[in-house]
Number of protein chains: 2
Amino acid sequence: MGEPTAATPPEPSPDDRRRVGLKDVARLAGVSVKTVSNVVNGYVHVTPKTRARVERAIKELNYRPNLSARNLRRGRSGIIALAVPELDIPYFAELARLIVAAAEEHGLTVLIDQTGGSRHREQQVAEGIRDQLIDGLIFSPLALTADDLSARTDDTPMVLLGERIHNGPADHVVVHNVAAAKEATLHLIALGRRRVAAIGAQDDAAGETARLRLAGYRAALAEAGLPFDEGLVAPVAAYHRADGAAAMARLLDLAEPPDAVFCFNDLLALGALRTLLERGHEVPAEVALAGFDDIEDGRYGTPTLTTVSPDKREIARQAVALLVERMSGTARRGTREIYVDHRLVIRESTTGRKIP
Amino acid sequence: MGEPTAATPPEPSPDDRRRVGLKDVARLAGVSVKTVSNVVNGYVHVTPKTRARVERAIKELNYRPNLSARNLRRGRSGIIALAVPELDIPYFAELARLIVAAAEEHGLTVLIDQTGGSRHREQQVAEGIRDQLIDGLIFSPLALTADDLSARTDDTPMVLLGERIHNGPADHVVVHNVAAAKEATLHLIALGRRRVAAIGAQDDAAGETARLRLAGYRAALAEAGLPFDEGLVAPVAAYHRADGAAAMARLLDLAEPPDAVFCFNDLLALGALRTLLERGHEVPAEVALAGFDDIEDGRYGTPTLTTVSPDKREIARQAVALLVERMSGTARRGTREIYVDHRLVIRESTTGRKIP
DNA sequence: CTGAAAGCGCTTACAG
DNA sequence: CTGAAAGCGCTTACAG
């Protein structure tokens with residue numbers, strides 16, 4: 001009494017009505033909370049009559065289980081994180097869609113982290129910015145090294161995607177990059193091309209994808225008995241259209257420009273295509289073009305794009321399946337590296353044939 | 001006893017070591033849990049010396065707060081959901097990226113729901129499949145009606161995106177569709193075109209976007225004194241490239257084909273472009289083409305695509321800002337409809353000029 | 001098949 | 001500035 005606040009009786013704000021809990025449902029239905037919990041979670045040992053009564057009460061009160069409480073009690077959240085560089089890079093957008101779908105089949109919800117490929121953000125992800133919120137992580141790093149990952153103190157189950165990190169610190173789903181790049185290059189050579197260029201080389205340590213695809217490219221040249229010409233290998237800073245466009249321009253300025261180009265991804269190829277058409281070159285008559293990823297844009301451009309198509313659905317499924325195994329603790333010791341199929345999809349940018 | 005399971009004593013699995021909690025940190029640091037909590041949450045009233053000791057203990061034990069417990073206690077999760085039809089439709093991928101970024105500035109994490117535009121899934125989203133997990137929802141519905149949304153019993157704060165639902169049941173961020181479509185059509189007419197077609201009409205109730213953009217198209221014709229020709233309006237089942245390609249083919253088969261086409265989104269335009277080039281028509285010389293959305297694909301095709309560019313960053317910012325206001329309870333009564341700017345980006349598909 | 005009760009790990013009045 | 005304790009809403013042994 002006499003306290004300054006005494007004049008303001010603690011009056012519940014309109015939003016303050018208490019949330020409906022299990023207890024309220026139990027009271028209305030005239031059963032114990034255990035029974036309500038059993039009904040909510042679909043357990044068997046409840047008589048149909050009791051179940052019906054509980055369900056009526058749930059509907060009447062519009063009860064929804066509080067997931068924070070459930071998670072706290074169960075010790076898991078049912079949420080996994082997907083960390084990718086950018087959501088609007090078509091390859092990652094397609095992958096994200098498939099992973100969300102695959103996760104749903106396991107009753108899991110996906111939360112998305114965009115790292116922008118920045119080392120700092122990737123370290124945060126690896127160290128578990130959201131580790132107490134998520135049960136597992138599917139991670140496609142761009143800047144992190146295997147050492148970074150080996151040093152991580154967070155023990156949230158993790159599955160890696162992409163070429164960046166091999167040999168081990170975590171389960172890993174990949175495609176056979178060397179073989180796929182070799183196939184694509186051999187296809188160009190089989191068309192009779194002799195000056196086959198490559199766009200997408202990268203010097204820095206981040207360029208593991210580049211390294212593998214370049215190896216495949218070189219293996220194809222070697223197998224075909226063609227010389228390797230350093231001048232036909234165009235390095236890029238990143239794997240966007242603009243980089244491909246610029247690289248193609250440089251190749252066209254060579255004394256002896258290429259008659260075919262294998263681009264290390266589709267965005268590079270689409271950028272290169274743009275430069276070729278802009279400068280009045282016919283594709284594939286003068287320059288044949290192949291990419292990697294099979295993103296949807298390549299299927300509808302003019303010409304349509306020949307490309308290596310990794311089985312993205314399978315990548316998503318395997319990634320989620322591996323993660324689920326890790327999370328449940330049923331995974332065997334040691335990490336696994338799973339190789340997913342790919343196929344070469346031949347379209348107009350190498351054959352000139354129209355889509356029927 | 002005698003039960004078959006009696007032979008297997010309940011032995012804690014190696015993974016079962018208890019999680020490090022506030023209590024453990026408090027014990028190691030020699031302070032109360034309250035103090036640790038204060039340090040973790042960055043509150044002021046802790047002496048530097050105590051703070052340092054706590055921080056050392058946190059590091060030593062590699063302590064991470066349990067978010068489920070925090071959320072349970074605080075009554076919120078810091079997670080918002082973004083529900084869109086598909087993540088790999090470029091427009092939604094771009095929007096998702098921007099919304100994730102905007103949410104991050106408010107310390108919020110985004111969880112993504114893909115509805116596939118299915119009515120059933122959209123109803124689940126509206127009714128709060130994850131309502132106890134999320135603090136708010138940014139929703140771009142395709143099948144739901146205003147009535148569906150008015151009837152929802154879930155009271156999770158929600159912000160709507162897209163043209164589907166106007167007038168009211170929730171806060172809403174949109175662009176001026178009619179005005180924008182009119183501008184795009186007038187631009188085509190200003191080029192001297194007289195048979196301007198439209199691709200993207202839809203009969204069904206879902207076609208609110210279609211209705212508005214068609215209205216803008218008609219308004220432009222009227223303003224320019226051109227007749228409205230029903231035959232030049234091509235309906236589509238969906239807004240994908242394939243629909244645009246098919247619609248364009250039908251328009252080209254007319255006795256008097258169009259000399260310009262306004263497509264109600266960029267994917268339709270890219271599909272239409274494909275048909276035009278495939279059939280040997282010059283763009284824009286024979287047929288000029290404009291789209292809507294300004295997705296990245298349109299910036300790099302050949303020719304590049306003239307399009308209405310909504311300010312997507314602003315859409316994302318406004319959507320998150322509105323939602324945050326609702327969640328904090330500071331929003332005024334009544335729902336708001338926020339119009340975001342757009343501009344017409346003129347590129348080669350109407351002017352034929354090359355990008356410098 | 002059902003009930004009463006403990007406890008998941010936090011935050012936050014309430015006292016000091 | 002710090003401590004002891006209640007309670008968020010669940011799930012789940014433990015009894016019956």
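Here is the naming used below: chain letters follow the sequence lines, and residue numbers restart at 1 for every chain. All heavy atoms count here, side chains included; hydrogens, waters and symmetry mates do not. This structure is a prediction, so every number in the text was calculated from the model and none was measured.
Within a 6.0 Å radius of CZ in A/Arg313, no more than 12 heavy atoms belonging to other residues, nucleotides or ligands are found.
Computed from coordinates, the B/Lys34 NZ to C/dC10 P distance equals 16 Å when rounded to whole Å. Atom pair B/Lys23:NZ and C/dC10:P shows a separation of 10 Å (rounding to whole Å applied). Across the protein-nucleic acid pair, B/Arg70 atom CZ and C/dC10 atom P stand 8 Å apart, rounded to whole Å. The CD1-C1' distance, from B/Ile58 to C/dC10, rounds to 14 Å in whole Å. We find that CG of B/Asn66 is positioned 5 Å from P of C/dC10, with the value rounded to whole Å. Atom CG of A/Leu67 and atom P of D/dT11 are 9 Å apart (whole Å). A straight line from CZ of B/Arg73 to C1' of C/dC8 spans 14 Å, rounded to a whole angstrom. Rounded to a whole Å, the CZ atom of A/Arg74 is 16 Å from the P atom of C/dG9.
Distances shown here put every side-chain N or O of B/Ser68 at or beyond 4.0 Å from the OP1 or OP2 atom of C/dG9. In terms of phosphate contacts, A/Asn41 brings a side-chain nitrogen or oxygen within less than 4.0 Å of OP1 or OP2 of D/dT11. Side-chain nitrogen and oxygen atoms of A/Thr47 include none within less than 4.0 Å of the OP1 or OP2 phosphate oxygen of C/dC1. Put simply, A/Ser32 has a side-chain N or O that comes within less than 4.0 Å of OP1 or OP2 on C/dG3. Within the structure, a side-chain polar atom (N or O) of B/Thr50 is placed less than 4.0 Å from OP1 or OP2 of D/dT2.
Comparing C/dG9 with C/dA13, their P atoms are spaced 23 Å from each other, to the whole Å. Between D/dT12 and D/dG16, the distance separating the two C1' atoms is 16 Å to the nearest Å.
Under the Watson-Crick and G-U wobble criteria, each requiring two contacts below 3.5 Å, nucleotide C/dA4 is left unpaired. Of the nucleotides present, none pairs with D/dA13 by Watson-Crick or G-U wobble criteria with both distances under 3.5 Å.
No donor-acceptor pair closer than 3.5 Å links the side chain of B/Thr115 to the backbone N or O of B/Arg121. The main-chain N or O of B/Gln114 is never found under 3.5 Å from a side-chain atom of B/Glu86 such that the two would form a donor-acceptor pair.
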*Could you walk me through whether A/Arg164 and A/Glu122 pass salt bridge (Lys or Arg N to Asp or Glu O under 4.0 Å), step by step?*
CA-CA 12 Å; A/Arg164 180 73 182 119; A/Glu122 291 194 351; 6.0 Å; no
*Would A/Arg336 and A/Glu325 satisfy salt bridge (Lys or Arg N to Asp or Glu O under 4.0 Å), going step by step from the backbone distance to the final call?*
CA-CA 12 Å; A/Arg336 293 156 297 176; A/Glu325 264 186 66; 2.9 Å; yes
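Counting any heavy atom pair closer than 4.0 Å across all strands shown, A/Asn71 reaches no nucleic acid atom. Here B/Arg64 lies in heavy-atom contact (under 4.0 Å) with sugar-phosphate atoms only.
Across the interface with DNA chain D, nearest-nucleotide mapping of A/Arg76 and B/Thr35 shows B/Thr35 to be the residue nearer the 5′ end.
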